[in-house]
Each structure stands twice: as C-alpha cells, then as structure tokens.
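Here is the structure we will look at, set down as structure tokens.
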2 protein chains.
Amino acid sequence: MSYTIAEAAVRSGLTAHTLRYYERDGLMLSGVDRSPSGHRRYTDRDLTWIELITRLRATGMPIREVRRYAELVRSGDGNEAERLALLVAHRERVETQLAEVTAHLRAIDHKIGIYEGKVEGALDLERTRSR
Amino acid sequence: MSYTIAEAAVRSGLTAHTLRYYERDGLMLSGVDRSPSGHRRYTDRDLTWIELITRLRATGMPIREVRRYAELVRSGDGNEAERLALLVAHRERVETQLAEVTAHLRAIDHKIGIYEGKVEGALDLERTRSR
DNA sequence: CTCGGACTTGGAGTGCCCTCGAAGTCAAGC
DNA sequence: GCTTGACTTCGAGGGCACTCCAAGTCCGAG
C-alpha cells in the first residue's frame with residue numbers, strides 16, 4: 001500500500017508543502033519512494049514515522065532535533081541508548097513546560113474569576129436600572 | 001517605587017530589548033513613565049501588567065491578541081464582558097492544547113518504553129558477553 | 001571634568017518554520 | 001490526442017517574535 005503526497009497530507013494532517021519540506025530537511029528516514037514518473041509514494045512505514053515526528057513537533061521539539069533523531073534511527077542499530085536519551089530529555093522539557101503552562105493558566109483563570117464577578121455585577125446593575 | 005528598564009528586565013524575566021519592543025508594539029497599558037532624562041521608569045503597576053501579559057504569552061497568546069486585550073483595558077470600563085470573552089476563549093484554546101500535548105507525550109512515553117526495553121536488553125547482552 | 005556604563009531611538013537582522021510561486025512534467029478521462 | 005489537475009524542483013517570500021546595531025545622550029563615580 002502506498003499513497004500520493006496528497007493522500008499522505010490528509011492522513012498526516014500536514015500539507016504537501018510541509019511533507020516535501022520535511023523530506024528536503026532530512027527529517028525522513030530515507031528518501032521517499034518514487035513512482036516511475038517521479039511522484040512521491042508514501043508507505044505505511046513513512047506515515048508511521050511522520051506520525052511520530054508530528055508528535056515530537058507538536059510537543060515543541062525543534063526541526064533540527066527531529067533531524068538529529070532521524071539521523072540516529074537512520075544510522076541503524078546500536079545507538080538506542082542515545083535515542084532514548086534524546087527522547088527522555090525531550091519528555092522532561094515537555095513536562096516542565098506543561099507544568100509552567102498549567103500554572104500560568106491557573107493565574108489566568110483567577111483573572112477570569114475576577115471579570116466574571118464584575119460582569120455579573122454589571123448585569124445586576126443593568127437589571128436594577130431597567131426596573 | 002519605580003525601576004529602570006534593567007531592573008524591570010530582571011523582575012519580569014524579559015530582556016530590556018523585549019520590554020521596549022512590547023511598549024512599541026502597544027502591549028503596555030500606556031506609555032511607560034520617563035525620568036527627566038527620558039529613561040524609562042517602570043512602576044509596580046507596569047510590572048503587574050507585564051506579569052499578566054507574560055502569562056498570556058507563555059500560554060501561547062499571539063502578540064496581536066495581547067495588544068487587543070491591552071486596547072480593551074486601555075479603553076476603560078464597560079468592556080469587561082469582551083475582555084472576559086477574550087480570556088475565556090484563550091483558556092479554552094490552552095486547555096485543548098494541553099490535552100493534545102499530553103496525549104502526544106503519552107505516545108512518546110510509549111516509544112521511550114520500547115527503547116528502555118531494548119537498551120536493557122543490550123546491556124544484559126553486554127553483561128553476558130563480558131562474563 | 002572625564003570616563004564608563006546604562007540608557008535612548010529607529011531600523012535592520014535573525015531564526016524558525018513553513019508557504020508559496022513559477023515553470024515544467026505527467027496521468028487519466030473524454 | 002487533448003485537457004485538467006496533481007505532481008515535480010528550486011528558490012523566494014512571509015509571519016512571528018524577538019534581537020541586535022549604530023549613533024547619540026545621560027548619569028554617577030572618581
């Protein structure tokens with residue numbers, strides 16, 4: 001089973017432009033297969049890989065680090081510990097980031113609470129006025 | 001009490017460059033006070049405001065939306081409902097985002113689990129070999 | 001009075017990540 | 001066989017959020 005770039009775009013949630021860009025930038029494990037006419041043919045394996053790097057990207061990993069990871073995977077067995085270290089370091093960053101965002105969100109929620117009080121008050125006032 | 005831009009930078013965790021940039025870009029509630037020589041003097045009120053917009057930024061609100069919010073606050077009382085709507089919409093986006101990132105993180109954790117298995121296996125193998 | 005360092009402005013530069021355009025090729029339906 | 005639309009490459013362009021530079025001013029210490 002293989003997919004055109006348009007199908008791969010739909011399945012991955014990326015644009016065809018972005019898929020070409022990722023490939024150009026060394027984020028894929030190898031060059032994507034081509035049809036006789038030179039059109040890209042994405043395999044399920046490609047899509048699985050794209051799914052992973054999409055997760056990495058969505059959690060804030062920079063392109064160049066995704067590339068480093070791809071290079072490790074590309075260079076075959078034997079560097080699993082390095083790959084693991086990279087992923088674990090990333091996970092830790094993401095968790096820190098999550099905690100920070102959550103804390104900021106709570107502070108914003110507090111602010112929202114204040115406005116809710118005020119807006120309710122204003123509505124009450126209006127109700128009073130219109131009576 | 002007032003602070004130079006350098007002090008404000010330390011207190012806010014932003015750089016002096018960024019503080020000037022925010023002011024230029026209309027993110028402050030009003031022009032920052034100046035000393036007789038034209039140097040910026042940040043008040044506690046300024047710092048409180050900067051803290052809020054830092055939280056908004058840290059949770060992913062774009063500069064232009066922070067500016068919209070600042071404009072609402074600047075234009076005085078009466079638009080609390082609008083401010084509230086803006087904040088609530090933002091909170092919802094952030095929560096969605098948090099959920100997505102968390103889901104991605106879990107998938108990455110799963111991947112990490114796989115590598116941990118492999119790396120342990122390799123270590124075992126080495127231990128076996130060296131015996 | 002002089003020096004060093006912190007500040008000012010306006011505008012240019014940077015890094016990241018796409019995103020698009022131009023010009024050309026190709027495949028499938030009519 | 002011809003049109004239509006999807007694909008190709010290469011390179012430029014764009015948005016965002018800073019980040020920095022140049023040239024000049026100002027303040028405080030010695």
Side-chain angles (χ1 to χ4, degrees), chain A residues 2-28 30-43 46-47 50 52-70 90 93-94 97 100-101 104, chain B residues 2-28 30-43 46-47 50 52-70 90 93-94 97 100-101 104:
Chain A
S2 76
Y3 313 92
T4 66
I5 194 166
E7 289 163 348
V10 170
R11 276 161 193 272
S12 66
L14 302 172
T15 68
H17 282 305
T18 301
L19 286 173
R20 289 193 202 97
Y21 163 66
Y22 279 3
E23 187 182 351
R24 236 190 303 171
D25 240 45
L27 268 52
M28 298 302 291
S30 57
V32 174
D33 288 349
R34 300 305 174 111
S35 71
S37 56
H39 290 196
R40 288 173 179 79
R41 293 288 171 237
Y42 288 84
T43 63
D46 289 330
L47 291 182
I50 290 166
L52 173 60
I53 67 182
T54 298
R55 289 190 194 285
L56 295 175
R57 292 286 305 120
T59 49
M61 184 183 285
I63 293 280
R64 67 181 167 293
E65 198 171 344
V66 177
R67 181 167 44 238
R68 276 216 310 137
Y69 182 68
H90 178 61
R93 281 195 303 274
V94 175
Q97 168 83 3
E100 282 170 12
V101 169
H104 286 312
Chain B
S2 75
Y3 313 92
T4 66
I5 193 166
E7 290 163 347
V10 171
R11 277 162 191 271
S12 66
L14 302 173
T15 67
H17 283 306
T18 302
L19 287 172
R20 289 192 202 98
Y21 164 66
Y22 279 3
E23 185 182 352
R24 237 191 303 171
D25 240 45
L27 268 52
M28 299 302 291
S30 56
V32 174
D33 288 350
R34 301 306 174 112
S35 72
S37 57
H39 291 197
R40 288 172 178 78
R41 294 289 170 236
Y42 287 85
T43 63
D46 288 330
L47 292 181
I50 289 166
L52 173 60
I53 68 182
T54 297
R55 288 190 194 287
L56 295 175
R57 292 287 306 120
T59 48
M61 183 183 285
I63 294 280
R64 67 183 167 292
E65 196 171 344
V66 177
R67 182 167 44 237
R68 275 217 308 136
Y69 183 68
H90 178 62
R93 282 195 302 273
V94 175
Q97 169 84 1
E100 282 169 11
V101 169
H104 286 310

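Every chain is numbered from 1, with letters handed out A, B, ... down the list of sequences. Just so we're clear, the structure is a prediction, and the values are computed from it rather than from any experiment.
In this structure, NE2 of B:His17 is placed 13 Å from C1' of C:dT14, rounded to the nearest angstrom. Rounded to whole Å, atom P of C:dG15 lies 14 Å from atom CZ of A:Arg67. Atom pair A:Ile53:CD1 and C:dC17:C1' shows a separation of 13 Å (rounding to whole Å applied). Here C:dC17 presents its P atom at 14 Å from CG of A:Leu14, a figure rounded to the nearest Å. Going from atom CG of B:Asp25 over to atom P of C:dG10 covers 13 Å, rounded to whole Å.
The minimum heavy-atom distance linking A:Tyr3 with A:Glu7 is given by the pair CA-OE1, 3.0 Å. Contact between B:Leu47 and B:Ala8 at its shortest, heavy atoms only, is CD2-CB, 3.9 Å. Closest non-hydrogen pair, A:Leu56 versus A:Tyr69, comes out as CD1-CD2, 4.2 Å.
Inter-residue side-chain proximity for B:Asp25 and B:Arg64 is flagged as unmet; no heavy-atom pair is nearer than 4.5 Å. With contacts defined as side-chain heavy-atom distances shorter than 4.5 Å, the pair B:Thr4/B:Arg40 does not qualify.
Summary for the helix from C:dC1-D:dG30 to C:dC30-D:dG1: the axes at its two ends, each from 5 pairs, differ by 0° when rounded to the nearest 10 degrees.
Counting only distance, with no hydrogens or angles, the side chain of B:Glu23 and the backbone of B:Arg20 share no donor-acceptor pair below 3.5 Å.
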With sugar-phosphate taken as primed atoms, P, OP1 and OP2 and all else as base, the protein-contact string of nucleotides 1-16 of chain D at under 4.0 Å (heavy atoms; B, S, -) is ------SBB-B----S
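Between B:Tyr22 and B:Pro36, the residue anchored closer to the 5' end of DNA chain D is B:Tyr22, taking for each the nucleotide with the nearest heavy atom.
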Go through A:Tyr21 and A:Leu27 one step at a time and tell me if the side-chain contact (heavy atoms from CB on, under 4.5 Å) criterion holds.
CA-CA 9 Å; A:Tyr21 163 66; A:Leu27 268 52; 5.9 Å; no
What do the steps show when you test A:His90 against A:Thr59 for side-chain hydrogen bond (donor to acceptor under 3.5 Å, both in side chains), and what is the final call?
CA-CA 9 Å; A:His90 178 61; A:Thr59 49; 2.8 Å; yes
